Amino acid sequence: MKTNFKTIVLALITLSAFNSCKKDDVGPPNYGNYIVAVSPIASTGIADYLLTAESLEEGSISTRGHGVEQDGTYRYYMTANNKFFSMLYGQGNPGAVTTYEITNGSLNKVSDFQSETVQAFAPVNDDILMMKISRSITNKLTNFYIVNTNSLLITSEGTVNNQIPSGNGELAHFTWIRQFGDKVFAPYMSVKGCCGDAFATAYPDSSWIAVYSYPEMKLEKVIKDDRTSYIGRYFVDGTAVDEKGDLYAFSSSTATSGGKITSTKPSAIVRINKGTTEYDMSFYLNFEELSGGFNVTNWFYIGQGNFVVLMTEKNEKGEYTAGFNFGVVNVYDKTFKKVTGLPNSSEINNVTATNYSSLNGSGHVGLTLKEGTSFVYKIDAATGVATQGLRVEGGTITAISKLN
């Protein structure tokens, strides 16, 4: 992944400019339990700021004189055990993991430690499991690290061999990880990991999930299905668990070889029932057919069988293309609605990768438009209508979370 990191000189210039702001430039205080990550738009290479807000559906917040600046310019965020974790992607170098809690509506830093740059992370029991994933056939080992969310210390680490799950001469490159029951599920792309085309595959029309014990991370089995291409996308979580405890997974069907998409299967959604480690062969949702030709590129669960889905059209479909079209799909009754009330996709510059849902049938997503304004939109599953809410001034919204 290509990223640019803040140099010492730029950091000093930015700090100087920030400190020299006039008192009149400081906006009103922003207190609340919602956390909004914002990347300032003044120049490139600037770190995110974390702002708090009382509501996502009204009002405004600003980076002017407010926010907790993050160290480094490419951050990923997650919540676990009522703590907010900010992780620096270090391009192979170690990166800071900073932990926050909410106190009286303000962020309070409780921990700051270094970890290897990781490509997948998820809550497991009272821990966070992080994985630095191999992408080269000459180095088959993936490193994993277990961080306890109570002690905020790395309590265990080890390796898994990523050539063993595939068993086909290629490498199993995990797209993400998720706790399911007492196991860790790791959907993966089968990739060559060599020859100038590392993410190419000779097996574009199958999906796999490696099942590991926890915390030992011993491979127990591989779940395979030939109805779809691989689950998720590179650095994108393609799974979610509903209130019933069943796991749903999407495929974008974008496996490649020689830079061209070779998947012949449609973008689709499949299911693994609670307490099982096999695909439910009675459930299959052809998303392309249901949506009239769209392709799922990302999603988040909002409750009652509903997912907000980010989509591309056929002419946009690509291995790393996320698209700016939104829909709501219900996996219980297999219905689809195109979301209305949002700006045109041609007007959108950025969509938040980390979004918020209280699992009540609606979800909140952050949009930054090409002309510079940023808003949080509430998407209602019942109507498929998006409503403009919180205005965010001073930058691009990159994540939305909440702590109690």
Side-chain angles (χ1 to χ4, degrees), residues 3-56 58-79 83-90 95-113 349-356 364-377 389-403:
T3 56
N4 295 315
F5 288 89
K6 179 174 60 179
T7 64
I8 294 176
V9 173
L10 182 55
L12 292 174
I13 292 172
T14 303
L15 183 60
S16 175
F18 180 78
N19 288 335
S20 64
C21 286
K22 295 180 180 179
K23 187 175 181 179
D24 292 343
D25 292 332
V26 177
N30 307 309
Y31 299 115
N33 286 34
Y34 293 101
I35 302 170
V36 181
V38 181
S39 179
I41 58 176
S43 60
T44 60
I46 301 299
D48 280 0
Y49 280 77
L50 301 181
L51 303 175
T52 52
E54 186 177 0
S55 172
L56 296 178
E58 61 182 0
S60 66
I61 57 176
S62 174
T63 60
R64 289 178 298 156
H66 297 293
V68 179
E69 185 180 10
Q70 300 302 281
D71 179 21
T73 58
Y74 211 90
R75 286 271 177 170
Y76 293 96
Y77 306 101
M78 66 171 294
T79 57
K83 296 180 178 71
F84 181 84
F85 294 84
S86 172
M87 301 179 178
L88 174 66
Y89 188 90
V97 179
T98 309
T99 312
Y100 298 90
E101 293 178 334
I102 289 283
T103 305
N104 297 323
S106 296
L107 284 171
N108 175 40
K109 185 166 71 173
V110 295
S111 174
D112 200 351
F113 62 91
N349 187 61
N350 185 75
V351 176
T352 46
T354 302
N355 300 290
Y356 174 73
H364 294 81
V365 60
L367 300 183
T368 300
L369 303 185
K370 291 178 180 178
E371 46 87 357
T373 57
S374 296
F375 286 92
V376 175
Y377 285 82
L390 179 71
R391 180 185 178 100
V392 179
E393 299 177 353
T396 298
I397 308 172
T398 58
I400 306 169
S401 298
K402 185 184 181 183
L403 295 181

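Residue numbers count from 1 along this sequence. This structure is a prediction, so every number in the text was calculated from the model and none was measured.
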For the ring pair Phe84 and Tyr77, is the centre-to-centre distance below 6.0 Å?
yes
With rounding to the nearest 0.5 angstrom, report the CG to OG1 distance, Asn108 to Thr103.
4.0 Å
Quick check: does any side chain N or O of Asp112 sit under 3.5 Å from a backbone N or O of Lys109, one acting as donor and the other as acceptor?
no
So which heavy atom on Leu50 is nearest to which on Gln70, and how close?
CD1-NE2, 3.4 Å
Without hydrogens or angle criteria, can the side chains of Glu371 and Thr373 be said to hold a donor-acceptor pair below 3.5 Å?
yes
Keeping Thr52 on the side-chain end and Gly105 on the backbone end, is there a donor-acceptor pair under 3.5 Å?
yes
Give a yes or no answer on whether the side chain of Ser374 reaches the backbone of Thr368 with a donor-acceptor pair at less than 3.5 Å.
no
Show the nearest heavy-atom pair for residues Tyr356 and Ser401, with the distance to one decimal.
CD1-C, 4.4 Å
Approximate separation, where rounding is to 0.5 Å, of Leu56 CG and Ile400 CD1:
6.0 Å
CD on Glu69 to OG1 on Thr63, rounded to 0.5 Å:
11.0 Å
Identify the two heavy atoms, one from Val68 and one from Tyr100, that lie closest to each other, and give their separation to 0.1 Å.
CG1-OH, 3.6 Å
Can you tell me how far apart CZ (Arg75) and CE (Met87) are? Round to the nearest 0.5 Å.
10.0 Å
Which heavy atom of Val392 sits nearest a heavy atom of Ile397, and at what distance?
CG2-CD1, 3.7 Å
Does the Arg391 side chain pair with the main chain of Phe375, one donor and one acceptor, at a distance under 3.5 Å?
no
Correct closest heavy-atom pair for His364 and Val376 would be CB-CG1, 3.9 Å
Check Lys402 against Tyr34 and note the closest heavy-atom contact, atom names and distance.
CD-CE2, 3.5 Å
Using the side-chain contact (heavy atoms from CB on, under 4.5 Å) rule, take Leu51 and Val38 through it: C-alpha gap first, then chi angles, then the decisive distance, then the call.
CA-CA 7 Å; Leu51 303 175; Val38 181; 3.9 Å; yes
Counting C-beta onward and ignoring hydrogens, is there a side-chain heavy-atom pair between Leu367 and Val351 closer than 4.5 Å?
yes
At what distance, to the nearest 0.5 angstrom, does CD of Glu101 lie from OG of Ser111?
10.0 Å
So, Asp48 versus Thr398: side-chain donor-acceptor pair below 3.5 Å or not?
yes
When rounded to the nearest 0.5 angstrom, what distance separates CG in Asn33 from OG in Ser106?
10.0 Å
